[in-house]
Amino acid sequence: MEEQATILIVDDDPDILEGILMILDTQPYRTATAGDGIKCMKMMEEEVPDLLILDLLMPRMDGWGVIREMRSEPRFANVPILILTTVVEDASRRRYELETGMTMDVQDYVQKPARPDDLIQRVKKMLAAKAAKG
Amino acid sequence: MASQLSEGTNALSVMAQRLGRSEIFVDLERGDLMVIAEFSTEMTYQEGASVLIEGQHAERLFVVERGKLALEKKIQIGRHSTPRNATIGYIGPGKIAGFSVLTTPHTYSTSAICMEPTRVIIVDGDCLRDFLVSNPGAGFKVMNRIAALIGGRYRNATNTLTYFLSIVSHELRSPLAAVENYLRTMYGGYAGELTEKQKRMIQRSILRVTDLTALIGDVVDLARMRPEQIQADFEWFDPGEVGSESIEDARLAAAEKNINIRVEPPPNFEPIVGARRRMRQVFTNLLNNAIKFAPPESDVIFRAWYEPEVVIFEVQDSGPGIPTEELPYIFQEFFRASNVGERAGVGMGLSIAKKIMDAHHGQIQVKNISSEFGNTGTCFTVSIPRNLMTPDMRRQSWMKADV
């Protein structure tokens, strides 16, 4: 097995963070958390994760802002993003398109709350896809 | 004597001028305004005074000259709470309160309270009505303005409600999502082993929380479910996939009553155009509805087949059925059949499903089943046209038509 994959989880709700950690920590991943978009970007500067689990509605910098920044920065452009939010998918895609004129480049989208087994499956799949890409 | 007369005429013409500045009389000729001025008086109200009261007979129309009125509506949440007044808007100089003098049933639809000392012109409702009836030209102009005014207030109210609901829904949903996330984590054994008793309590908690989340979603949906909004989301999708997701949505509720969801799919699912998320809502609503009324340990049948023009989905239960005389009403908002007893729900699921199907130019129908063996049940049939177009396809076809 290769090196442990690192996953950064970004959500302003500490209970969601704890719940997601509890699920993912049963798997062989290294996990880290951030409470808003600014903190998330700071942590990305220090270490680029293999996967980002991202909430959308957050204070300071929201998830759409994080996607925008990441997709315009070559170092982060290839980090797969899994959106985990209460916002329905079509509404948030429309909002992103209206604001940026681009389609929202995220690899998976889950409406809260996540089902643990389902979440693990999705994370596995995304990490495998990234590893295959190199 | 002559000077008295001219003084009176002068006062009338000042009043007429002031009336002419108000939003509903602005199109009228000076002659018309002079007549209306004859049955109008001016008055100043103190801060906090009620100018008119919701529900009372509308006898007078008020034109604000100076100051500000708050329009308030009595709102009662639940049957037992004390009603409160909610401010739905403010009106200032030139605006009117009490348009109900011109619209049946001539009952004020809001109260109007002075926010500051406020000077108003009071127009007598009976006289105004008589005048407008005998002068249809003026009547048309005034009613036109009233229609625009009411339309504006209605749009305002709808927008406020939609905005308010979307905020409320997020604020309510976020904590519930956190709770459900913890519960599912525990239920999945990710926070340690559970005893059977604990597992059962957590399962019940998940069910109650998901019910509540769905209910919040329904309340918000009802407010924003306009056909063009649903049609904007039209896309190609695999109805088989959406059906599976709905079965997954309803799985816990079914397990709870030991109900088996028997699936009878067509040999192949072909993609169709529609609002994917909305269709999932329709199927999930129908499945949950069937599970709610099916007896424990029974089968709920979920079947689908293709016809040349439509694809058809059916959800059938073996519950008590719906009283025949109530069948025509079950798709109405907040309708609940008389035999639902203590089963949870507020009667929104089916009306939402109906709205979604209407936006798809499809149909949703219901029939009771009763066999000679004494079996009963209800069967809901949904048919979705196979020739719907995505927004992109619509654009393309218009462009072609243009050429």
Side-chain angles (χ1 to χ4, degrees), chain A residues 9-29 31 33 35-36 53-59 62-64 82-95 97-98 103-104 108-124, chain B residues 162 166-194 202-203 205-206 209-210 212-214 216-217 220-221 224-225 229-235 237 244-245 248-249 251-252 274-281 284 390-391:
Chain A
I9 309 149
V10 192
D11 200 305
D12 60 330
D13 186 332
D15 286 317
I16 291 284
L17 286 180
E18 194 183 332
I20 299 298
L21 275 185
M22 223 181 272
I23 297 166
L24 292 180
D25 284 348
T26 61
Q27 307 296 309
Y29 305 133
T31 49
T33 61
D36 62 58
I53 297 181
L54 181 66
D55 183 22
L56 289 176
L57 294 167
M58 293 183 293
D62 62 24
W64 291 283
L82 186 160
I83 300 293
L84 179 59
T85 179
T86 51
V87 186
V88 292
E89 181 163 0
D90 31 7
S92 70
R93 285 193 182 269
R94 213 173 303 141
R95 169 163 167 186
E97 276 163 32
L98 281 177
T103 48
M104 194 164 89
D108 205 350
Y109 198 108
V110 178
Q111 217 182 315
K112 275 178 191 170
R115 297 162 195 265
D117 298 336
D118 179 60
L119 183 69
I120 288 175
Q121 285 311 316
R122 286 171 190 266
V123 165
K124 263 192 196 145
Chain B
T162 310
S166 65
I167 299 287
V168 167
S169 104
H170 177 252
E171 294 304 316
L172 293 176
R173 257 193 258 225
S174 297
L176 283 175
V179 170
E180 192 182 334
N181 192 38
Y182 273 139
L183 290 171
R184 287 192 184 273
T185 307
M186 282 195 271
Y187 187 72
Y190 294 90
E193 281 302 304
L194 296 176
I202 288 181
Q203 186 183 359
S205 308
I206 293 175
V209 172
T210 45
L212 184 52
T213 312
I216 294 167
V220 177
D221 274 350
R224 30 164 107 132
M225 194 126 20
Q229 288 169 307
I230 296 173
Q231 284 152 3
D233 291 339
F234 277 12
E235 60 182 331
F237 68 91
S244 311
E245 287 168 5
E248 181 57 28
D249 289 339
R251 204 173 51 87
L252 261 187
R276 190 183 197 287
R277 187 170 67 84
R278 297 303 187 182
M279 286 317 305
R280 173 171 169 178
Q281 224 175 334
T284 305
T390 65

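So you know, we letter chains A, B, ... as the sequences are listed, proteins then strands, and number each from 1.
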Inset, instruction - Side chain from CB out, backbone as N, CA, C, O: work out which of these in A:Glu89 comes under 4.5 Å of a heavy atom of chain B, or both, or neither. - result: neither

Inset, instruction - With a 4.5 angstrom heavy-atom cut-off, could you sort out which part of A:Asp15 is near chain B: side chain, backbone, both or neither? - result: both

Inset, instruction - Identify which part of A:Leu57 has an atom lying under 4.5 Å from any heavy atom of chain B, answering side chain, backbone, both or neither. - result: side chain

Inset, instruction - Can you tell which part of A:Leu21 gets under 4.5 Å to a heavy atom of chain B, answering side chain, backbone, both or neither? - result: neither

Legend entry - Between B:Thr185, B:Thr210, B:Thr213, the one whose heavy-atom pairs under 4.5 Å with chain A are most numerous: B:Thr185

Legend entry - Note: A:Arg94-A:Glu97 ion pair, threshold 4.0 Å (strictly below): no

Legend entry - Those residues that, when tested against A:Pro14, pass side-chain contact (heavy atoms from CB on, under 4.5 Å) (two or more places apart): none

Legend entry - Any residue meeting side chain to side chain donor-acceptor pair (under 3.5 Å) with B:Gln281, in chain and number order, not counting sequence neighbours: B:Asp221, B:Arg278

Legend entry - Short N-O contact, A:Arg95 and A:Asp62, less than 4.0 angstrom: yes

Inset, instruction - Please round to the nearest 0.5 Å and tell me the distance separating atom OH of A:Tyr29 and atom NZ of A:Lys124. - result: 6.0 Å

